[in-house]
Number of protein chains: 2
Amino acid sequence: MLDKRKRSILQAIVDDYISTAEPIGSRTIARKHDLGVSPATIRNEMADLELLGYIEQLHTSSGRIPSAKGYRFYVDSLLSPTQMSEREIALIKNWYQEKTRHVEEVFQETAKILSKITSNISLVLVPQVTQCAFKYLKFLPFDDCRTILVVVTDTGFVENKVIDIPTGLSFNDLQRIAEHINRRLSGLSFENIELSILREIQNEMLIDVDLFETALGILKQALVVEKNERLYLGGTTQLLSQPEFKNIEKVKSFLDMLEEEHLLANILQKQKNDGVIVTIGDENKYSGIQDCSMVQATYRIDGQVVGTVAVLGPTRMDYGKVMSVLEFMHNHLGEVLKKYKI
Amino acid sequence: MLDKRKRSILQAIVDDYISTAEPIGSRTIARKHDLGVSPATIRNEMADLELLGYIEQLHTSSGRIPSAKGYRFYVDSLLSPTQMSEREIALIKNWYQEKTRHVEEVFQETAKILSKITSNISLVLVPQVTQCAFKYLKFLPFDDCRTILVVVTDTGFVENKVIDIPTGLSFNDLQRIAEHINRRLSGLSFENIELSILREIQNEMLIDVDLFETALGILKQALVVEKNERLYLGGTTQLLSQPEFKNIEKVKSFLDMLEEEHLLANILQKQKNDGVIVTIGDENKYSGIQDCSMVQATYRIDGQVVGTVAVLGPTRMDYGKVMSVLEFMHNHLGEVLKKYKI
DNA sequence: GTTAGCACTCTACAAGGTCGAGTGCTAACA
DNA sequence: TGTTAGCACTCGACCTTGTAGAGTGCTAAC
């Protein structure tokens, strides 16, 4: 365990490095932070801290920068949990009120808010629809040969598609199919709609094989639609302002990675425990972001975790601020979503 | 009008500059292109071309680069219209077949295809719903206090929203409102649904003022939804590979501009005439892209122009390739969309 | 345990020099 | 008259060199 002075010095290094992005030397610390000791003493302490692995040097005679271990200690032991100010909270709530009309807009604007406040990339993973239940499907008239298939979930999520009416079927036939499927599947979660149930339906409808094939096809289509979860990204251009990305090759490879949306979704999904968690540098499993840190938080509707929001940036990020914002989202995003009737 | 040799030299300069991004000198032209004359002669011709404004010099003793006027001449008079190869066309068609299931995916993938093939930013402006007609709206049951409002257009575009049932109204009342509105508005284009008509409806429904207020509110909501056109962007990271964007400030201001989606949508909307058009450098009205060129093309469904696709990049772009791809989209995107029943 | 002093290291930056590509001009040539 | 070779000149790219400044580790004194 570090003694008080070492902790102060480490804190000074991390704080300064976060705000300036420059390696910190002993004299700078002595000047800026009133620790009551001379630079020489600080140098000795810094040598110890380096030996212990909390800070590192890019080359002889450069200042020190925090290591991943240093950031970890900073986040766990040095950072006092801060809350967002009343003013900031009011600002955010107002933003939601003004800019969101659709549910999708809530996600979009959440991504924007997060990236704006934290000056980093934000990720918002929307509720996995597979976790909600099938309510009913319905065919709406369109024209002689086409109809609109609408699938409704218990959360009020609606998906639709214009499809050809199979030859030989009347609109009434479609209504019958819909009724039958609704009777059997209504209330089941999409996760539980398995092939076995679909087979059962097939058996029950053996009277008309063609008709079933059609129905099955439509349902499959609906399932594909429903399972399609989405990831909202915000502030990708924020990267360009960060000095660690002044090298354009790095930016490029990073942005290319971001486009592989499913990868990111995977990283986020890993979080099962509720709350705000911080992953620093090489603690990240995915190699593309090993010199980055990610702070993520779940959000809940009616107490149930439905999605994840996260902020991704260089390890040199303002953990205090980022964590407080995500703490806020963790506690309030569900409420906002509920207002928009998801 | 330029004589044949000047044209050859200008063509050589533009071609070389497009592929190398380096200013072209007289000796390079003499070496690479067999014009049958010495560098000295080419130098004289180049001096003429510069005087005429087709090429310019960054500083004494640098090679020449094409000016906007030079590119314009190149596009109008030097570029032989090329078609995409059979192989490329097959590749694209296959891509659509494999990757698109939804209409939205068609737009998304179109943006991807364009940016991939041309190595530039692509823009896809989706059909402006205001140009299509209101078909009907319908209320679907959800629960005791909420209902799903579905608005259908004649093109098969469906929008929905979960709304609260106003207190005092039954589901049957809603059905009545829907029927009435449908009777009056069905077949009208969204552009033509003016306040005057809404007033008329109000008069006809004076029997129940509250009910009308509700209906009006819902319709307004629907209109807001419907008018919300979308812009799909592709290949924003391609920028980073272009040498003209090696300066990170430039990239940043450019990307920031791209985020102002409505601005871009405005630029695209200006095109009223059908076909592929090229806007070079300062021909662009919008100052943010005055050192860029944009090639845009309309696409049609059943002969009617419904949207625009475009490629945006540095003035030094491969106009031949970009134009051939957009020509293809101009002719075929409508077909693809039709397959997905929009 | 703390501090001052000192020699040392390394980067960033500016100044100067060289190289090469490219030009314009002129005079000679077909 | 159009084309070409030759030449002096210009300018950016790149390398080298020197210097200033920040920072370090070590040692001896307090």
Whole angstrom value for the distance that separates [atom2] of [N] from [atom1] of [X]:
{"X": "Glu56(B)", "N": "dG22(C)", "atom1": "CD", "atom2": "P", "result": "18 Å"}
{"X": "Glu45(B)", "N": "dG2(D)", "atom1": "CD", "atom2": "C1'", "result": "10 Å"}
{"X": "Arg5(B)", "N": "dT1(D)", "atom1": "CZ", "atom2": "P", "result": "16 Å"}
{"X": "Lys32(A)", "N": "dA22(D)", "atom1": "NZ", "atom2": "C1'", "result": "14 Å"}
{"X": "Ile42(A)", "N": "dA22(D)", "atom1": "CD1", "atom2": "P", "result": "16 Å"}
{"X": "Asn44(A)", "N": "dG23(D)", "atom1": "CG", "atom2": "P", "result": "16 Å"}
{"X": "Met46(A)", "N": "dT24(D)", "atom1": "CE", "atom2": "C1'", "result": "9 Å"}
{"X": "Ile13(B)", "N": "dT23(C)", "atom1": "CD1", "atom2": "P", "result": "9 Å"}

Check for a donor-acceptor pair, side chain of Lys321(A) on one end and backbone N or O of Thr82(A) on the other, with a separation under 3.5 Å. no
Measure the spacing between NE2 of His33(A) and OG of Ser8(A) and express it to the nearest 0.5 Å.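 Reported to 0.5 Å precision, the distance equals 10.0 Å.
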For the atom pair CZ (Arg43(B)) and CG (Asp48(B)), what is the distance rounded to the nearest 0.5 Å? 13.5 Å
Can you sort out which residues in residues 17-29 of chain A have a heavy atom within less than 4.0 Å of DNA chain D? Ascending by number, please. Gly25(A), Ser26(A), Thr28(A)
For dT11(C), the Watson-Crick or wobble counterpart (both distances under 3.5 Å):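 By the stated definition (distances under 3.5 Å), dA20(D) pairs with dT11(C).
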Base-pairing assignment for dT27(D) (Watson-Crick or G-U wobble, both under 3.5 Å): dA4(C)
Between Arg72(B) and Asp76(B), is there a side-chain N and carboxylate O pair less than 4.0 Å apart?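 So Arg72(B) pairs with Asp76(B) through a salt bridge.
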Residues Arg7(A) and Asp3(A) bridged, charged N to O under 4.0 Å: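 Between Asp3(A) and Arg7(A) there is no salt bridge, as every charged N stays at least 4.0 Å from the carboxylate O atoms.
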Only counting residues at least two apart or in another chain, list the ones meeting ring-ring contact (aromatic ring centres under 6.0 Å, His included) with Tyr17(B). none
Can you give one letter per nucleotide of nucleotides 5-17 of chain D, going 5' to 3': B for a protein heavy atom under 4.0 Å from the base, S for sugar-phosphate only, - for none? BB---BBS-----
Looking only at heavy atoms, the pair that brings Lys32(A) and Thr20(A) closest together is NZ-CG2, 4.2 Å
N or O in side chain of Arg64(B) less than 4.0 angstrom from dA21(C) OP1/OP2: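 So the side chain of Arg64(B) is outside the cut-off, no N or O lying under 4.0 Å from OP1 or OP2 of dA21(C).
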Assign the ring pair Phe254(A) / Phe245(A) to parallel, tilted or perpendicular, where the plane angle (0 to 90°) is split at 30° and 60°. perpendicular
Which word best sums up how the rings of Tyr54(A) and Phe73(A) line up, parallel for under 30°, tilted for 30 to 60°, or perpendicular for over 60°? perpendicular
